[in-house]
Amino acid sequence: MKDYKEIAQNWLTGNFDEETKNQVRQLMETDPIGLEDAFYRNLEFGTGGLRGIMGAGTNRMNKYTVGMATQGLANYIKAQVEGAASVCISHDSRNNSRLFAEISAQVLSNNGIKVYLFDDLRPTPELSYSIRLKKATAGIMVTASHNPKEYNGYKVFWSDGGQITAPVDKDIVAEVAKIEDPADVRFQPVPGEEKAPIEMMGADVDECYLRDITSLALTPEAVKKHADMKIVYTPLHGCGVRLMPAALNRIGFKNIIHVPEQDIPDGNFPTVVSPNPEEPAAMAMALKKADETGADLVLATDPDADRLGIAVRDDSGKMVQLTGNQTWSFLTYYVLTRWQELGKLQDGKGYVVKTIVTSELIAAICESFGVKCYNVLTGFKYIAEVVKRNEGKGVFICGGEESYGFNLGEFVRDKCAQVAGIMVAECAAWAAEKGLTLWQLLQEVYKKYGNYEKKMVYIVRKGKSGAEEIQKIMADYRTSPPKEIAGSPLAKVIDYLKPEETGLPKSNVLQFFNQAGDVVSVRPSGTEPKIKFYFGARGSDAAEKIERLKAQFIS
């Protein structure tokens with residue numbers, strides 16, 4: 001294997017543009033650690049696509065790594081798909097997102113694959129929707145989701161509208177790995193070969209998407225009575241501003257209060273450190289706006305508008321940001337209650353899907369309604385995989401994951417902040433009809449099913465040394481698991497690298513259960529330089545146990 005310095009030198013003499021070469025020279029002259037990180041490996045095209053820091057280098061997101069990934073995808077499509085093939089492409093508000101989307105479109109077109117390209121930024125869930133609408137072979141979403149501003153990414157979807165899963169994912173990864181040089185990429189048309197058309201999508205697809213997702217509404221009469229409910233919404237400089245207010249308006253809510261500074265799509269995310277609705281700091285301006293206007297509900301979406309964060313008023317009148325588990329719990333309870341009242345559960349075909357690190361409260365709620373609840377690996381693509389597998393046999397009611405992802409119905413095959421947003425607002429109207437706030441509805445759920453607490457904490461470890469440290473942490477937990485958790489003896493360990501034991505695809509996740517029913521899940525992030533710890537506890541002292549778990553595992 002070549003030394004990273006040699007690879008960097010090749011970029012100075014190879015067929016790369018001058019701007020790229022200047023970036024490499026600057027790294028060589030001023031940032032030796034950055035140079036190593038930029039060239040010590042190829043940016044991994046994993047089973048979900050690419051994600052990395054933007055800049056020059058083999059381990060960076062740039063037009064060359066994006067082009068190579070797209071060429072690999074094109075080669076796979078041409079080898080596997082008979083007849084005409086097509087790919088839908090969208091992007092978020094991040095720096096270079098439009099550039100990467102257009103490069104991807106050109107490479108596919110030069111490979112004879114038709115492209116449906118959105119005319120401007122659009123949410124990830126609309127990209128998922130468009131694939132099935134256009135009967136496309138695949139889809140590409142240029143986004144790094146909720147990562148900091150220096151990142152960008154590239155998600156690949158398949159014909160069902162879900163992100164690629166086995167065996168397609170690994171086969172595409174193998175094709176991408178074969179592209180070792182940008183010279184192998186069809187950045188330019190091939191003489192004598194016809195380009196495929198690039199067709200723009202826009203308002204026409206928006207209309208279809210809004211029509212279908214708003215048809216999922218369950219309680220229009222309550223919305224009508226509370227049409228003036230004050231809802232603060234912020235897209236955190238992302239693409240949700242295009243469709244979230246429109247979706248809320250369409251189901252009947254008329255009093256949407258914006259945070260003007262954050263309505264502007266901007267890849268620098270100037271008003272937040274991180275455009276992640278899970279982070280309290282990202283919600284600060286929206287919470288302030290709620291207090292200024294007397295609103296009782298805040299909705300926030302990440303840059304590609306697939307994740308939804310919310311805040312509600314507690315019994316003291318203070319705005320409180322809810323976790324994904326809390327939101328997903330009361331929303332599941334609401335949806336199943338309304339399905340039952342509307343007679344939609346009678347045939348027994350409906351089902352719910354959750355991920356292994358999502359609160360077991362969801363499973364308890366499903367059990368009380370007699371609804372099957374699937375448990376899948378972390379990542380919404382596994383929820384979409386269950387939906388695909390059950391087509392024609394079952395009915396997907398809803399699904400969610402603790403990291404602020406939720407979906408209802410089968411129009412979108414990924415998490416959808418627009419769907420989640422209209423359902424949360426509708427649930428608030430339904431609760432109001434019962435004399436409850438959303439906070440009080442959540443407490444009612446806890447009273448009915450028990451007190452469940454869940455918290456995720458992560459540790460950041462950047463660069464090559466950080467990646468190695470994360471690997472060591474996982475290896476140490478496998479060889480020397482804890483003997484007790486929060487004072488209760490260890491009862492069971494589940495290692496998701498052992499599919500023969502879990503019945504699920506292999507994944508680098510460990511779960512430790514104690515005899516008291518508490519659980520700790522540990523996994524490296526697949527998209528960020530982080531290792532994540534998910535602490536789950538039950539009982540009247542659950543909150544106190546969460547703090548003890550944090551102290552035990554996070555040193």
Side-chain angles (χ1 to χ4, degrees), residues 90 92 122-133 141 145 157 160-163 205-220 222-223 231 233 235 238-253 256 277 297-310 322 324 327-336 338-339 344 350-355 358 362 380-381 383-384 386-387 395-430 438:
S90 184
D92 68 5
R122 291 298 194 288
T124 292
E126 188 176 8
L127 182 275
S128 168
Y129 175 87
S130 72
I131 293 168
R132 299 176 72 233
L133 180 71
M141 181 70 195
S145 188
F157 294 72
D160 64 317
Q163 292 185 52
V205 178
D206 294 344
E207 175 57 32
C208 294
Y209 171 74
L210 289 170
R211 177 201 65 207
D212 283 346
I213 66 169
T214 55
S215 73
L216 297 168
L218 296 170
T219 318
V223 173
I231 303 172
Y233 169 64
C239 56
V241 70
R242 296 190 68 103
L243 293 171
M244 179 68 88
L248 291 167
N249 287 156
R250 189 168 292 213
I251 68 166
F253 292 105
I256 313 303
L297 176 62
V298 170
L299 306 177
T301 52
D302 65 344
D304 65 321
D306 61 352
R307 297 171 188 248
L308 178 77
I310 81 166
L322 299 187
T327 302
W328 169 203
S329 296
F330 77 68
L331 209 48
T332 302
Y333 178 75
Y334 164 65
V335 170
L336 292 183
R338 289 299 293 137
W339 271 54
K344 298 175 69 174
Y351 63 90
V352 170
V353 193
K354 63 177 281 294
T355 65
T358 301
I362 309 305
F380 221 92
K381 67 179 183 178
I383 296 176
V386 173
V387 177
V395 178
F396 175 62
I397 300 173
C398 59
E401 57 185 358
E402 54 76 36
S403 57
Y404 284 49
F406 180 83
N407 193 20
L408 175 81
E410 300 187 13
F411 294 119
V412 173
R413 300 299 176 89
D414 206 337
K415 51 187 174 283
C416 181
Q418 283 68 220
V419 168
I422 61 179
M423 295 311 299
V424 166
E426 183 184 85
C427 182
W430 175 78
L438 284 178

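The basis for the numbers below is simple: all heavy atoms, side chains too, and nothing from hydrogens, waters or symmetry mates.
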Engineer: Heavy-atom distance under 4.5 Å between the side chains of S90 and E126, does that happen here?
Structural biologist: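 Contact flag for S90/E126 side chains = no.
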Engineer: With a 4.5 Å heavy-atom cut-off, do F411 and S215 have their side chains touching?
Structural biologist: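 Sidechains of S215 and F411: in contact.
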Engineer: Among residues at least two apart in sequence or on other chains, which ones pass side chain to side chain contact (heavy atoms under 4.5 Å, CB included) with I131?
Structural biologist: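 Partners of I131 under the side chain to side chain contact (heavy atoms under 4.5 Å, CB included) test: C88, L127, A136, F157.
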Engineer: So do the side chains of L299 and L248 get within less than 4.5 Å of each other, counting heavy atoms only?
Structural biologist: yes
Engineer: Evaluate the side-chain proximity of L218 to K344: yes if any heavy-atom separation is below 4.5 Å, no if none is.
Structural biologist: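 Heavy-atom side-chain distance check passes, below 4.5 Å.
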Engineer: Would you call R413 and N407 a side-chain contact if the rule is heavy atoms closer than 4.5 Å?
Structural biologist: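 No, side chains not in contact.
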Engineer: For R307 and S403, indicate whether the former's side chain and the latter's backbone hold a donor-acceptor pair under 3.5 Å.
Structural biologist: yes
Engineer: In terms of the angle between their ring planes, are Y209 and Y129 parallel, tilted or perpendicular, with boundaries placed at 30° and 60°?
Structural biologist: perpendicular
Engineer: What are the two closest heavy atoms between A300 and P277, and how far apart are they?
Structural biologist: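 Here A300 and P277 meet closest at O-CB, 3.9 Å.
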Engineer: Determine the sole option in I362, V424, L438, I310 for which the side chain to side chain contact (heavy atoms under 4.5 Å, CB included) test with L331 is passed.
Structural biologist: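 Of the listed options, the one satisfying the test is V424.
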Engineer: First locate atom CD of E207, then atom CG of D212, and finally report the distance between them rounded to the nearest 0.5 Å.
Structural biologist: 9.5 Å
Engineer: Does E401 have any salt bridge (Lys or Arg N to Asp or Glu O under 4.0 Å) partners at least two apart in sequence or in another chain, and if so, which?
Structural biologist: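 E401 satisfies salt bridge (Lys or Arg N to Asp or Glu O under 4.0 Å) with K415 once adjacent residues are dropped.
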Engineer: Side-chain contact, heavy-atom cut-off 4.5 Å: I383 with F396?
Structural biologist: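 Sidechains of F396 and I383: in contact.
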Engineer: Please confirm whether the backbone N or O of V223 pairs with a side-chain atom of E426, one donor and one acceptor, at under 3.5 Å?
Structural biologist: no
Engineer: Would you check if the side chain of T358 reaches a backbone N or O of E402 as a donor-acceptor pair within less than 3.5 Å?
Structural biologist: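 Pair found, side chain donor or acceptor close to backbone of E402.
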Engineer: Starting from the C-alpha separation in whole Å, work towards a yes-or-no answer on side chain to side chain contact (heavy atoms under 4.5 Å, CB included) for D206 and R122.
Structural biologist: CA-CA 9 Å; D206 294 344; R122 291 298 194 288; 2.8 Å; yes
Engineer: Looking only at atom types and distance, does a side-chain atom of E410 sit under 3.5 Å from a main-chain N or O of V395, one as donor and one as acceptor?
Structural biologist: no
Engineer: I'd like to know if the side chain of D302 reaches the main chain of D306, judged simply by a donor and an acceptor atom lying under 3.5 Å from each other, with no hydrogens or angles considered.
Structural biologist: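 Looks like yes, one N/O pair under 3.5 Å.
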Engineer: Do T327 and Y404 pair up side chain to side chain, a donor and an acceptor below 3.5 Å, judged on atom types alone?
Structural biologist: no
Engineer: Could you check whether any side-chain heavy atom of I422 comes within less than 4.5 Å of a side-chain heavy atom of F253, counting everything from C-beta outward?
Structural biologist: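 In short, these two side chains do not touch, never coming nearer than 4.5 Å.
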Engineer: Considering only heavy atoms from C-beta outward, does the side chain of D414 approach that of P125 to under 4.5 Å?
Structural biologist: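 The answer is no; the side chains never approach within 4.5 Å.
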